[in-house]
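Everything below concerns the one structure shown next.
Note that the numbering runs from 1 along the sequence shown for the chain.
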Amino acid sequence: MASTTISEKLRKQLAALPARPGVYIMRNADGEVIYVGKAARLKDRVRSYFGSPHMLEPKTRALREHIDDFEYIVVGNAGEALILEATLIKRHQPFFNIRLKDDKRYPYLKIDVQNPWPRVYITRRIEKDGARYFGPYASAGSVRATLDLVKKLFPWRSCTKEITGRDARPCLDYYIKRCIAPCTAFCTSDEYAEVVQQVILFLEGRSDDVMRRLREQMEEASENLEFERAAGIRDQLKSIERTVERQMVSTTKNEDMDVFGMARNGDQACMQVFFIRGTHMIGRDTFMVEGTKDESDGAVLLNFLLQYYESAQYTPRLVAVPADVEDRETLEELQTERRGTGVEVRVPERGEKRKLVHLACDNAREALDMMRVKWLADATKTQLALEQLAEELALPALPHRIECYDNSNIQGTSPVSSMVVFVDGKPANNQYRRFKVKTVTGADDFATMAEIMRRRFRRAATRAGAVEIPPVAEDEAPQPDAAGNEASPAPGDTWDLPDLVIIDGGKGQLAAAALAMREMDMHHIPVVGLAKRFEEIFVPDEDEPIVLPRGSEALYLVQRVRDEAHRFAITFHRQGRGKTAITSALDSVPGIGPKRKKALLKKFGSVKAIREASVEDVASTVGFTRALAEKVKESV
């Protein structure tokens, strides 16, 4: 449905909606599932999508423009609706839904306990075959790391041969203590079953039970004068103890909980989960979630937890989260039913659990940043992003050098601007520049942008190529990048002309920048404005904005450039604001120069302390008289 008008077919469908709980499935003109939602009353919820467009959220407006048809499934209650919604989202991966990244089966560890001689191996399919499953793991790498650890600690067989006990000799695994050789009858079925039980207990996080059982076996072997067997158990016990010691101690109490952290950026979110069993974190994993733009933290958490625990083979007693989850009571009921005993979903407010949630959020932010760094390091993706951007903006060539500008001020104070540079899709930190606004008073973004553009291009000639700049003014010197690396431009360095200028702002800022660039005879350089709210790209002299496809490499690159410009501007603004807050009260005092200001601040530490000091205390400062001290007290 290309317009906001409702077709006759949809009108009839809306009129026939029941006032019952259920799940609705929306499709586009091609029949693709684009959204799955749940409702306590289908009649009211689905109709809300077709009300006045001005009353809808941006994401809902965009969804409505693509709805060509819908269907619904009536269920018994809200809990059933939640389960069905999560199942359908995982199956269809609708574009407008919050969804776990990648339409794939997550890996699990499987122990085929129904086999007389069980093995531990990786699988992506869960079957009702009596086997034990552990997972899901976010990637093949994380499940393999766990499998390798278990194999080093416990001597179960990794071969697939038929076990008869009549083999002439064992394989190498027996001699390196990685298997107890049931193939040659070097162990009994009960002894092998004990090894498998230890693996299960360890994967469940019950390492204390494993070590207790091993100590009992070691003592029994010693009493029976089986010293070689006792020594082998002792070595295994030490290996497990070292492994447990390396795991992060999470709490002084025995806990059974999953701790979730979340970090968000644009249309993506990163979820970090810590698995706490007993007093240890037995593992952690990271999941990427898409379709989160314009959604609340509570909605993102609810949708993720539903999809995650639908696949998880174990639900703990406590689920600790960083924000209130939508429909928390219903979610708890579902997890309680799955576990068989009570499950609580809680936002910890204090203590060790709160610290763990903060730590999980920190790790989620680090993982999200690492993902962005990996994206930038992927030459194929950055090349594709540049090609897509050139095509969407109708650029004459690939934008080899992109410059992005952003303003920052608080209620008109300490206005500053930043320029960040991306070369071939990657940040060129040593070419970043900062600008203190000189000619504009107050919060005037348009005039500020015009001033910065004139200063940036004032020395540029109409010819293409490099433009020589005189020694960089102090207020335009580059600052350390996000990693703390110092930039070191030489006076009189050369600034290349950009292939694309991005203005962080809408039509007003763009118009001011474009006018200033024309005044500098830089009209041949493409310039666009990026509106924060809807990620729309405005082009001079064009009414309709360009909307880059969601999920495209070009959009990701533009967002990355814009975010870096914003970060750089905010950092510089905070530095300037801090200096202003310290010195402005003293700058207005006649007779107070840099040396006397420094002496005062060194002695008293702050303007507030100077204000609270007596005239005699100020007068006793090196370089001050009583008359000057009285002037200071009057001014501060």
- Message: Is it the case that atom CD in E344 sees more than 12 heavy atoms from other parts of the structure closer than 6.0 Å?
- Response: yes
- Message: Rounded to the nearest 0.5 Å, what separates atom CZ in R338 from atom OG1 in T336?
- Response: 10.5 Å
- Query: Given side chains that start at C-beta, do those of P348 and V259 come closer than 4.5 Å, heavy atoms only?
  - Reply: no
- Results of salt bridge (charged side-chain N to carboxylate O under 4.0 Å, His left out) for R41 - residues two or more places apart only: D44
- Heavy-atom check, side chain of R456 versus side chain of E403, under 4.5 Å: yes
- Message: Once you measure the plane-to-plane angle for F96 and H66, does it fall in the parallel (<30°), tilted (30-60°) or perpendicular (>60°) bin?
- Response: tilted
- P498 side chain near F457 side chain, heavy-atom distance below 4.5 Å: yes
- Evaluate the criterion side-chain contact (heavy atoms from CB on, under 4.5 Å) for residue pair I67 and Y35; output intermediate values, then yes/no. CA-CA 9 Å; I67 299 173; Y35 188 75; over 6 Å; no
- Message: Taking salt bridge (charged side-chain N to carboxylate O under 4.0 Å, His left out) as the definition, give me every residue that meets it alongside D69, ordered by chain and number, with sequence neighbours left out.
- Response: none
- What one should report as the nearest heavy-atom pair of K110 and A131 is CE-CB, 3.5 Å
- Task: Could you tell me whether the side chain of L500 reaches within less than 4.5 Å of the side chain of L389, counting heavy atoms only?
- Result: yes
- Message: What's the separation between atom OG1 in T87 and atom CD in Q307, rounded to the nearest 0.5 Å?
- Response: 9.5 Å
- Scanning both residues in full, the closest heavy-atom pair of R264 with A269 reads CG-CB, 3.9 Å
- Task: Give a yes or no on whether the backbone of V345 and the side-chain of E332 come within a donor-acceptor separation of less than 3.5 Å.
- Result: yes
- Looking at CG of L555 and CD of E392, how far apart are the two atoms once the value is rounded to the nearest 0.5 Å? 10.0 Å
- Task: Could you walk me through whether D496 and H400 pass the side-chain contact (heavy atoms from CB on, under 4.5 Å) test, one step at a time?
- Result: CA-CA 11 Å; D496 291 336; H400 164 71; 5.7 Å; no
- Look at the side chain of K507 and the backbone N and O of A531, then say whether any donor-acceptor pair between them is shorter than 3.5 Å. no
- Message: Surrounding CD of E349 (heavy atoms of other residues, nucleotides or ligands, distance under 6.0 Å), is the total greater than 12?
- Response: no
- Query: Quick check: are there more than 12 heavy atoms from other residues, nucleotides or ligands sitting under 6.0 Å from CD of E127?
  - Reply: yes
- Message: Is the shortest side-chain heavy-atom distance between E295 and N303 below 4.5 Å?
- Response: no
- Can you sort out the partners of D499 under salt bridge (charged side-chain N to carboxylate O under 4.0 Å, His left out), two or more places apart, ordered by chain and number? none
- Message: I'd like to know if R562 and D406 make a salt bridge, using a cut-off of under 4.0 Å between side-chain N and carboxylate O.
- Response: no
- Message: Can you classify the ring geometry of F260 versus F304 as parallel (below 30°), tilted (30 to 60°) or perpendicular (above 60°)?
- Response: perpendicular
- Heavy atoms of L398 and A390 approach each other most closely as CD2-CB, 3.9 Å
- Message: Between K38 and V75, does the side-chain contact (heavy atoms from CB on, under 4.5 Å) criterion hold? Intermediate values first, please.
- Response: CA-CA 10 Å; K38 64 183 181 302; V75 297; over 6 Å; no
- Query: Looking at side-chain heavy atoms only, is the closest gap between I452 and M419 below 4.5 Å?
  - Reply: no
- Query: Under the 3.5 angstrom rule, does the side chain of Q388 hit a backbone N or O of A554 as a donor-acceptor pair?
  - Reply: yes
- Query: If every non-hydrogen atom of P94 is compared with every non-hydrogen atom of I89, which pair is closest and at what distance?
  - Reply: CD-O, 3.6 Å
- Query: Quick one: salt bridge (Lys or Arg N to Asp or Glu O under 4.0 Å) pairs with a partner in residues 312-325, sequence neighbours left out?
  - Reply: E255-R317
- Task: Could you tell me whether Y24 and Y49 have their ring centroids closer than 6.0 angstrom?
- Result: yes
- Message: Nearest 0.5 Å, please: how far is CD1 in I111 from OH in Y133?
- Response: 11.0 Å
- Hey, what do you get for CG (L82) to CG (D327), rounding to the nearest 0.5 Å? 5.5 Å
- Taking side chain as C-beta onward, heavy atoms only, is V46 less than 4.5 Å from Q13? no
- Task: Could you tell me how the ring of F50 sits relative to the ring of F70: parallel (under 30°), tilted (30 to 60°) or perpendicular (over 60°)?
- Result: tilted
- Task: Verify the distance criterion only: is there a donor paired with an acceptor across the side chains of D258 and Y309 at less than 3.5 Å?
- Result: yes
- With distance as the sole test, does N28 use its side chain to make a donor-acceptor pair with the main-chain N or O of D30 at under 3.5 Å? yes
- Kindly indicate whether the side chain of L386, heavy atoms from C-beta on, has any atom under 4.5 Å from the side chain of I402. yes
- Using the test salt bridge (charged side-chain N to carboxylate O under 4.0 Å, His left out), find all partners of E333 that sit at least two apart in sequence or belong to another chain. none
- Message: How long is the straight-line distance from CG of D504 back to CG of D563, given to the nearest 0.5 Å?
- Response: 8.5 Å
- Note on the structure: When every non-hydrogen atom of L306 is compared with those of L331, the smallest separation belongs to CD2-CD1, 3.8 Å
- Message: Apply side-chain contact (heavy atoms from CB on, under 4.5 Å) to residues M453 and Y405 and explain how you reach the verdict.
- Response: CA-CA 9 Å; M453 289 295 101; Y405 296 83; 3.4 Å; yes
Result block: side-chain N/O donor-acceptor pairs under 3.5 angstrom for residues 359-366, not counting sequence neighbours:
| residue | atom | partner | partner atom | Å |
| --- | --- | --- | --- | --- |
| D362 | OD1 | R365 | NH2 | 2.4 |
| N363 | OD1 | R284 | NH1 | 2.5 |
| N363 | ND2 | L359 | O | 2.8 |

